[in-house]
Asks: 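Before anything else, here's the structure in question.
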Amino acid sequence: MATVAKTEGIKAFSATHDWESADYEPTLPVSEMSNPLTRNIDRAPASSIVKMLQACDAQMFQEKSGAAYERLLSDQVAKSLMEVAKRVQLILKNPQDSLIVLSGCGTSGRLAFFITSGFNRELRRLNHSAVCSYIIAGGDRALFSSQEAPEDDPISGALSLKKVSEGKKRVLFIGISCGLSAPFVAGQLDFCLQHPDVYTPVLVGFNPAHQARNEPIPGCTFTFHSVVTKMRELAKMQKAFLINPVLGPEAISGSSRMKGGSATKILLEVVFSAAHAANFSRTPITYNGILQHMRSYGKVLDITYSQTEGIAAVMEAAGRSLQCGRRLCYLSWGFLGLLGLIDASECKPTFGADHKDIQGFVGGGCKELGNKEGDLNLMGAESGIAHIDFLHNVLPCLTDKDTVLLLYSHSDDVDEVAKLARRVREKTSNMHAVYHQTDGDTAAQQGEINKLCSSTLNFIWPQATPASMGLQHMWELSTKLVLNAVSTGAHILKGKVYQNYMIDLQVTNSKLYCRAARLLQRLSGHPKSLCEEALLKAIYQVDKLTEDIMTCNLTTHTHTARKVKKVVPLALVCLLTGYSIKEAQSHLEQKPIVREAVEACLREQTLFSGSL
Ligand code: S6P
């Protein structure tokens, strides 16, 4: 049964599926479309926001006969997963001179790290050599902070793959790009195609192949689309693999950290778990086994969203903090903590947030996480991610206006959780918790922690879980869903979303630049050329574009945009009102809530055009 049908309230939302029809936003790939379910998410109260997110997530597991696109549970997807799992198993069996590499940009790179670490940890526990490596565009710094520019660099993608696989005779390369769009990953896939004797390329993403990005990549003869086309040919002979189910548009248009990130985690965990079970417990890799494992992730959605009111309460608290310029901190232990770091780092490009708005802290910081480049603390305050950094930099100035969210599970050192919770409680009563436990297990200190917190999302998981799926994976996905909901909802409540568009996104790479230009077109109704002009004026803070600016390339534009705040709102106000950049800036200062500023301009424009 499709997960979506389970909850009564969800039925109302799932009535609209028109994004699947051919005439729905026909120029956009699914990953960039706006989801009809969330068109009014910007005006919804917290509990409705959670329900909309639930309905969007449930789209991942919908099974529709005759659907236009392949879905997570489609036949072809399950078959490809089986084949890739068999390749992983071969490497486990004969690890010498072999390597599996997972790579991606932004959230996709962070999940590459997350999944690689988990898989290697499990192998080491069994005294098996680690066979997996990760690459993230921009290096380890990008694991915990927003680094969007390296996504545009296909050469550095190819070189980093070459470097990590030096001397290997057999490499299974898994490139992740939710939108089938990142030039960094395209460069790596192209490199694999040029060295078929060593590399088998696998592409994970969430658009149909024909929607892969087809814009020219500066300095390259290939596009993402041309690489995918070659891979499709090779896939017929099982020399390359494409895993690209469609998940439905994201709740916030283009925010692939949400469903895209969750589906990446699900698909790759299914592959690695099946290979692991085949190698270590002689459980054959079967079609049914793969499907059953995938379906069990659907149950995680049900269990998580069964606590709608609890999630909404944390979202409201976090929203209040952001609204008054205060912060939300995730304090966590073990690997759930990495999800907190990931969630926090994504808010900068998505909502134009400051890195201090939402911050994640995990026990011993990098030491605990085992990233390649080790301790990143020297790279600036942004990278202070250990509890000690929290205690020194954040705790002293915490007040009731800040929100603190503890993330922990029964298998963490709950004594430590209680200790830190007591210290936080001395500074703020606005502390909440997400706690995972299995049925029947209770930690002695849990009662005390609950009393210290204003609310606790206590997830109790059944002991008898499907054998193939670790409890850890369930807790992780569930935590990811909660954090994505809280940070997205808090920014919506702060007015950072207009309808279901990120109105204050950062314009720091070519994908985000194109998205921003498209958004301006959509909201202003002006032609593309005028919108791009306004975008450039906002980026360079000028009222007239000089020859110099006009001849700069996209990389210079996106590099310059890093230093400017509220680029898109600024461009939009200029477009709608004809204000100069300075006037638009002062208008935005008077109306600091971006959504309200945009709405006021749109209203004025409608009145004006109505009076003509
Ligand atoms: C998306 C997130 C971005 C993307 C990155 C890679 O919510 O903010 O950092 O992960 O742009 O995208 P893709 O489509 O290549 O996985």
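Whatever order the structure lists them in is the order used to number ligands and atoms, beginning at 1.
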Asks: Return yes or no for this condition: an N or O of Pro349 is under 3.5 Å from an N or O of ligand 1.
Replies: no
Asks: Is the shortest distance from a Lys or Arg side-chain nitrogen in Lys372 or Asp140 to a carboxylate oxygen in the other one below 4.0 Å?
Replies: no
Asks: Kindly identify the option in Glu151, Lys259, Lys511, Arg257 whose heavy atom sits closest to atom 12 (O) of ligand 1.
Replies: Lys511
Asks: I'd like to know if Glu25 and Arg522 make a salt bridge, using a cut-off of under 4.0 Å between side-chain N and carboxylate O.
Replies: yes
Asks: Is the shortest N/O to N/O distance between Arg110 and ligand 1 below 3.5 Å?
Replies: no
Asks: Is any NZ, NE, NH1 or NH2 atom of the basic residue among Glu32 and Arg518 found under 4.0 Å from an Asp or Glu carboxylate oxygen of the other?
Replies: yes
Asks: Is the shortest distance from a heavy atom of Glu148 to ligand 1 less than 4.0 Å?
Replies: yes
Asks: May I ask you to check whether His473 and Tyr297 place their ring centers less than 6.0 Å from one another?
Replies: no
Asks: Please determine if Lys162 forms a cation-pi arrangement with Phe191, meaning its NZ or CZ atom is less than 6.0 Å from the six-membered ring centre and no more than 45° off the ring axis.
Replies: no
Asks: What atoms of ligand 1 come within less than 4.0 Å of a heavy atom belonging to Cys178?
Replies: 13 (P), 14 (O), 15 (O), 16 (O)
Asks: Which of the atoms in ligand 1, numbered in the order shown and given with their element, are less than 4.0 Å from a heavy-atom of Ala182?
Replies: 15 (O)
Asks: Using the test ring pair (Phe, Tyr, Trp, His ring centres under 6.0 Å), find all partners of Tyr498 that sit at least two apart in sequence or belong to another chain.
Replies: none
Asks: For ligand 1, which atoms have a heavy atom of Gly179 less than 4.0 angstrom away?
Replies: 14 (O)
Asks: So is Gly104 in contact with ligand 1, going by heavy-atom distances below 4.0 Å?
Replies: no
Asks: Take the angle between the ring planes of Phe144 and Phe113 and call it parallel below 30°, perpendicular above 60°, tilted in between.
Replies: perpendicular
Asks: Students should be able to answer this: which protein heavy-atom is nearest to atom 1 (C) of ligand 1, and at what distance?
Replies: Ser256 OG, 3.4 Å
Asks: Output side-chain donor-acceptor pairs under 3.5 Å for residues 173-184, partner residues at least two apart or in another chain, one line each.
Replies:
unit_1: Ser177; atom_1: OG; unit_2: Ser181; atom_2: N; d: 3.0
unit_1: Ser177; atom_1: OG; unit_2: Ala182; atom_2: N; d: 3.1

Asks: Atom 15 (O) of ligand 1: which protein heavy atom is closest, and how many Å away?
Replies: Ser177 OG, 2.7 Å
Asks: What atoms of ligand 1 come within less than 4.0 Å of a heavy atom belonging to Gly106?
Replies: 9 (O), 10 (O)
Asks: From atom 16 (O) of ligand 1, work out which of Ser108, Pro183, Ala186 has a heavy atom at the shortest distance.
Replies: Ser108
